[in-house]
Amino acid sequence: MKDNLGLITIWFCLGIIFTHLFRVPFWPVYIVELALIITCAFLIKKGLSFNILLFLLGFILGALCLKNSYITPKNDVSKYIYYKNNTVYLIKGFINNQPVIKDGRVSFIFRAEELQFDKDKYSAEAHTGASASEEAHLAILFAKVRSARYNSCGDILVYAKDTGRLAYGEELILLGNIHRPYRLFRGNISAVMCIKNNSALIRLNKNKGSLFRRLAFCLKDNIEAVFIKRLSPLTASIVDAMVLGEKRRILPIVYDSMIKSGTVHILVVSGFNVGIIAFMAGLFFKILRIPRKLRYFLIIFCLVFYCFITGASAPVVRATVMGIFLILGYFLKREPNITNSLSLAALFILVINPKELFSISFQLSFVSVAAIIYLYPRLKSLFRLEKIKIKFLKVIVEGCMVSLSAWLGTCGFIAYYFKIFSPVTVLANIFIVPLATLITLSGLSMVIISLILPLLSGPFVSTNEILVIILLGVNNFLINLPFAYLYL
Amino acid sequence: MLSLTNDERRVILFLVFVALLGLGVNFIVKQFTPTKSLAYFSDRLGKINLNTADKKLLMSISGIGEKFAQRIIELRENQGNFSSIEELKNIKGITGVKFDKIKDYLIVDNEG
């Protein structure tokens, strides 16, 4: 299947964009798709007609996926919430991610299970200014539901103050207002709740959620504790971002300078980190003399575990899926195809959540890799790199070409979203990326040594400190070059 | 264009069919999820006791500022414990809208 999945994925994405722009009815389109599958089954031996129908199948499937993601269950928490209401809700459920502490408040995603509110008050407020269709929907809702406590589902975003330590899976009852910001776009979350005191948060002292994720978050906390304990605050913040993707402690001035040089991608976990984890895990299992086939499965387990530790963002899921398919390719002794792996990763993410197509992180992650795959070989032959005889020079020029390919692919997106144009990125990546690799390796080694033999972690601590100073120095030098960057 | 073998085509068709089936089932489940009425939670759950709350706790309620919290505490100290939430209406500066906004966060409990 040479590069075939790439075209199907493009048609799938076009279907998603079509549904985003135009109103699509679910069932008629569903029936058309079903009819197309049957037609395809009859045309399986026809070349061109089958291919055209397959593209159409991909297109309609993408459209249906997005349409389905717009539909929420009848008992979804958002169905009980009206824009700008003062109704007080009691909501029971559990914390569905690792709580993030920033500026003295905790934010987390809360999976609703039961919901209680003052029906009369809600009804009165919701009807004020509601459109005819909304009023009809509410009338149906309240006619069916007599009591004021219902089963519910769906996620809400919660901001809490003065509530003490919270953890993933903790079962809680929350009391407060829930509102729906007009354009909240965060996956499937449509509502926000603010908790301002400890009495509005009742702990049920039970734990829900998966054991696997709980273990991953527990390990993440321990690793973060090692960074905070052993490194200076500045170095800890940067190493934490590079190894675990945790950016909340990064100083704004550091973050801003990385944006200017176009190297902010090293502060998020991406394929680069996943590659390092796969390499380190492979090496470790090889030293333990674990058989080759079993080693592959253990590496896959490590990658999935790391994906959960870092919060399963789009770049990590992409890299993990690509990594898994690459490893499976070796396992099955098949030649790995990078385009198909990338397409499969995109399909995997988009089938689960088609709205990801419109997120910046998804776009940048996939466009940069696609640009490297497509442009790098062309640039290589254009500049005739094979004629360079000096090996050291060849490595540097090749690095330049990879960096240039990624930059060419992403510069339009970066200019559109961040209003900045940074020609220095091509040069910066050549120096910054190797440094970031060393910092990530050194950081991970420090964690492993600190957990096994804390006394020996000293040299790793010093290495990390020096590398971070060099990284910031180089970055600062580059952004001060003439025409390094310009705001649009 | 695509260069697929017949077996690969069959596999792709099968996968598309499975995905489509899954989408249909998911759509139906969403449409027909029942809304169940459950037993009522206690009215007191998570609410702040007007007779024991300090100024900071009162101020954590949306709609109660520093001055209003101070007036609540002064009234409690001067007249003794509240016997009902309606007594808040006697405090200077409270409107009907404001009372409606804060009353759901408060309870009156003389034992607690």
Side-chain angles (χ1 to χ4, degrees), chain A residues 1-2 4 7-8 26-27 30 33-34 37 40-41 44-45 47-48 50-51 54-55 57-58 61 64-65 67-68 71-76 86-88 90 92 114 116 118 121 141 144-153 161-162 173-177 194 196-202 351, chain B residues 1-49 52-53 56-64 97-98 100-107:
Chain A
M1 274 218 320
K2 202 191 166 205
N4 288 322
L7 282 169
I8 297 171
F26 187 84
W27 287 118
Y30 190 89
E33 177 83 339
L34 212 58
I37 291 178
C40 271
I44 216 145
K45 285 177 185 168
L48 188 66
F50 181 87
N51 289 344
L54 197 59
F55 291 147
L57 275 179
L61 195 64
L64 285 173
C65 277
K67 181 71 188 174
N68 185 46
I71 312 291
T72 46
K74 279 187 173 174
N75 62 346
D76 189 86
N86 283 328
T87 315
V88 177
L90 259 176
K92 187 185 165 200
E114 289 170 21
Q116 178 176 304
D118 184 351
K121 190 174 177 181
L141 186 74
K144 280 184 181 174
V145 185
R146 292 283 169 211
S147 171
R149 182 180 160 209
Y150 321 111
N151 66 325
S152 183
C153 66
K161 240 180 175 181
D162 303 329
I173 295 178
L174 307 173
L175 175 88
N177 294 122
C194 292
K196 290 179 183 169
N197 59 60
N198 203 14
S199 56
L201 184 144
I202 300 138
V351 165
Chain B
M1 274 304 229
L2 303 177
S3 53
L4 298 163
T5 63
N6 283 351
D7 284 340
E8 285 170 344
R9 286 175 179 187
R10 281 190 193 102
V11 169
I12 289 176
L13 269 188
F14 175 73
L15 290 175
V16 172
F17 179 71
V18 170
L20 194 67
L21 207 66
L23 272 176
V25 170
N26 191 258
F27 192 85
I28 291 168
V29 167
K30 282 179 184 175
Q31 291 284 310
F32 295 99
T33 311
T35 312
K36 286 184 213 154
S37 296
L38 305 164
Y40 211 72
F41 282 131
S42 163
D43 272 345
R44 312 165 74 81
L45 217 54
K47 295 188 178 179
I48 291 171
N49 186 0
T52 55
K56 195 185 163 196
L57 194 58
L58 285 170
M59 281 167 62
S60 71
I61 298 170
S62 177
I64 298 184
V97 177
K98 195 170 179 178
D100 275 349
K101 195 177 172 184
I102 63 172
K103 75 174 171 48
D104 294 325
Y105 287 100
L106 299 164
I107 52 159

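Using a 4.5 Å cut-off between heavy atoms, A:C153 makes no contact with chain B at all. The parts of A:L64 that come within reach of chain B are both its backbone and its side chain, each placing non-hydrogen atoms under 4.5 angstrom from that chain. Of the atoms belonging to A:L201, not a single heavy atom falls under 4.5 Å from chain B. Heavy atoms closer than 4.5 Å to chain B are found in the side chain of A:I8, but not in its backbone. For a residue to count as touching a neighbouring chain, one of its non-hydrogen atoms must lie under 4.5 Å from one of that chain's; by this rule A:L57 touches chain B with the side chain only.
Environment of NZ in B:K98: crowded, with over 12 heavy atoms of neighbouring residues, nucleotides or ligands closer than 6.0 Å.
Atoms CD1 and NZ, on B:I48 and A:K196 in that order, are 11.0 Å from each other to the nearest 0.5 Å. Distance check, rounded to the nearest 0.5 Å: NZ of A:K67 to CG of B:L23 gives 13.0 Å.
Side chains of B:N26 and A:I71 form no contact here, defined as non-hydrogen atoms less than 4.5 Å apart. No side-chain heavy atom of B:V29 sits less than 4.5 Å from a side-chain heavy atom of A:P73.
Minimum interatomic distance between A:K74 and B:Q31 (heavy atoms only, all atoms of both residues): CE-O, 3.2 Å. Taking all atoms of both residues into account, the shortest heavy-atom contact from B:N6 to A:K45 is ND2-CG, 3.7 Å.
Sorted by first then second residue, the salt bridge (Lys or Arg N to Asp or Glu O under 4.0 Å) pairs that include residues 9-23 of chain B, not counting sequence neighbours, are B:D7-B:R10.
Between B:F27 and A:W27, the angle of the ring planes goes over 60°, which puts this pair in the perpendicular group of the 30/60° scheme.
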Q: Show the numbers, then the answer: is there a side chain to side chain contact (heavy atoms under 4.5 Å, CB included) between B:K30 and A:T72?
A: CA-CA 6 Å; B:K30 282 179 184 175; A:T72 46; over 6 Å; no
Which donor-acceptor pairs under 3.5 Å do side chains of residues 12-20 of chain B form with protein atoms, sequence neighbours excluded?
none

